[in-house]
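As the structure lists them, so they are numbered: ligands from 1, and atoms in each ligand from 1.
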Amino acid sequence: MSDDLVKLRPTGLAHGGWCVARYEGRVVFVRHTLPGETVLARVTERRSRLWRAEAVRILEPSPDRVPHVWPPAGPGGVGGADLGHVALAASRRWKAAVVQDTLRRIGHLDREVTVRALPGEDERDGLAWRTRVTLAVDDGGYPGMHPPRSGRVIRLSGMPLAVPEIDGHEVFGSRHAGASRLMVAAGSDGTTAVLTDGRGPDATRALVHHVTVPVPHGLPLGGSGRRPGTGHANQSDHGPGGGQPGHREGRLEIDYRTMPGTFWQVHREAPGALAGAVLAAGADLLAEGRAIIWDLYCGAGLLTVPLALTAGERASVWAVEADPHAGRAARRAGRDVPTAHVRVGDVESVAPRLPAPDLVVLDPPRRGAGRDVCAGIVHSRPRAVVYVACDPAALARDAATLRDGGYRLDDVVGLDMFPRTHHVECVARFTRDQHRDKE
Ligand SMILES: C[S@@+](CC[C@H](N)C(=O)[O-])C[C@H]1O[C@@H](n2cnc3c(N)ncnc32)[C@H](O)[C@@H]1O
């Protein structure tokens, strides 16, 4: 056996797509394997107490192993599908276990977590979902991606995790001399935009995103009829009760327009699923019909418009976004919804000047909102907080600040918005502890 190859039996999971094994008394983080397997792994990094490795031969496979759905992202390959060797249902259990463990370790919060598939995911086999890919360009001018922790570019002929209009796009296989980065994004109408090093004729052409948001039973739909520029509220019989009589669920149909460089949820089904999960998490306060709601880090208004349409005409939604392009998109999406107010600026400086909230929804970037913003939320005394997080560690840190400020973590729902990768989105609901109010 070469010096670089070691035999490992991973027993646990760590955040970031790693399994955890032990070798001669040290911890080894190993990719491309599953707990319970026996593998030969190539060591890729040696530090005194921690090694990193990737499984290159599977000696005893796990029953949850499947042939990699995208072999170029397997051992030695590009990043972007680090759970491509794990059966979809098992990958959701994997992510739930990691979120649960992270909340316990960092936030000292014990909660059962489940991770839900997005609509149609099993039928798509966890593929064909990305509406945006960023590609590197190799020395010959052809697009590809980097292996994890490497500057090398591996040329690619497509990207099966991406929607067909990107996977089959002509950027793959064509030369882009002089470029170092390409971005391809798709709207929901089949149009695509290509940016070369952040520039190009498509940079100022808006992409259209048509979003269907399931509205929990009992919430108003913001009136009926078409709302120019936003979409329309609709009643359908396709509710959680499978269309049984008496189980009517509503849905909102909303159009958003964003510049290709502006933040937008990447999975094609994510905008509707995420907005639906946020409405469900805040449903009790929305149903009162007069809540003051903050929507912090609102991006292009994905959550702002559904919140405003379901909160009632006496409610108001105050949305805050730092990126002026996203803020403009949010204003445009909510332009016919008089109860939606968009403020462009940093949450840190804008939120303290907003009316006192009943409900705070926040969806910060990967690093989380941080101690100061969470302390500010506690200080503003909302009855509930709905926190959307793409990094469980940041969620756990911020959850601990909210808990220390008197907020109880009621529920955490995981959404599998990044299938075939280790990434997961969480929607966590916190309620102010009534006992603290009486102190
Ligand atoms: C994860 S995105 C969420 C956007 C939106 N909720 C959605 O789901 O489409 C986070 C957003 O926060 C914005 N942002 C980052 N730092 C900010 C800050 N300090 N204040 C306000 N917005 C910020 C980013 O521009 C980005 O649009």
Quiz item: Just checking, any donor-acceptor pair under 3.5 angstrom between side chains of E425 and H267?
Solution: no
Quiz item: What class does the angle between the rings of H209 and W264 fall in, given that below 30° is parallel, 30 to 60° is tilted and above 60° is perpendicular?
Solution: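 Parallel.
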Compute the minimum heavy-atom distance from [X] to ligand 1 and say whether it is under 4.0 Å.
| X | answer |
| --- | --- |
| P365 | yes |
| G345 | yes |
| H325 | no |

Practice problem: Provide the closest heavy-atom pair for K95 versus T421 in the form atom of the first, atom of the second, distance. | Solution: NZ-O, 2.7 Å
Self-check item: Shortest non-hydrogen contact between L395 and A428, atoms and distance
Solution: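 So the two residues come closest at CD1-CB, 4.1 Å.
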Using a strict threshold of under 4.0 Å (side-chain N to carboxylate O), is an ion pair present between [Y] and [X]?
| X | Y | answer |
| --- | --- | --- |
| D64 | R93 | yes |
| R92 | E121 | no |
| R408 | D410 | yes |
| R420 | D125 | yes |
| E45 | R31 | no |

What protein heavy atom sits nearest [atom], and how far off is it?
| atom | value |
| --- | --- |
| atom 19 (N) of ligand 1 | E348 OE1, 3.1 Å |
| atom 9 (O) of ligand 1 | F263 CE2, 3.4 Å |
| atom 26 (C) of ligand 1 | E321 OE1, 3.6 Å |

Between [X] and ligand 1, which part of the residue brings a heavy atom under 4.0 Å of the ligand: side chain, backbone, both or neither?
| X | result |
| --- | --- |
| C298 | backbone |
| L302 | side chain |
| R367 | side chain |
| C390 | neither |
| Y297 | both |

Practice problem: Report, in ascending order of atom number, the atoms of ligand 1 lying under 4.0 Å from any heavy atom of P364. | Solution: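 Atoms satisfying the 4.0 Å criterion: 1 (C).
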Quiz item: Of all the atoms in ligand 1, which lie at a distance below 4.0 Å from a heavy atom belonging to Q265?
Solution: 7 (C), 8 (O), 9 (O)
Does any N/O atom on [X] come nearer than 3.5 Å to any N/O atom on ligand 1?
| X | value |
| --- | --- |
| A322 | yes |
| D363 | yes |
| V347 | yes |

Exercise. With rounding to the nearest 0.5 Å, note down the distance linking CG in L103 to NE2 in H108.
Key: 11.5 Å
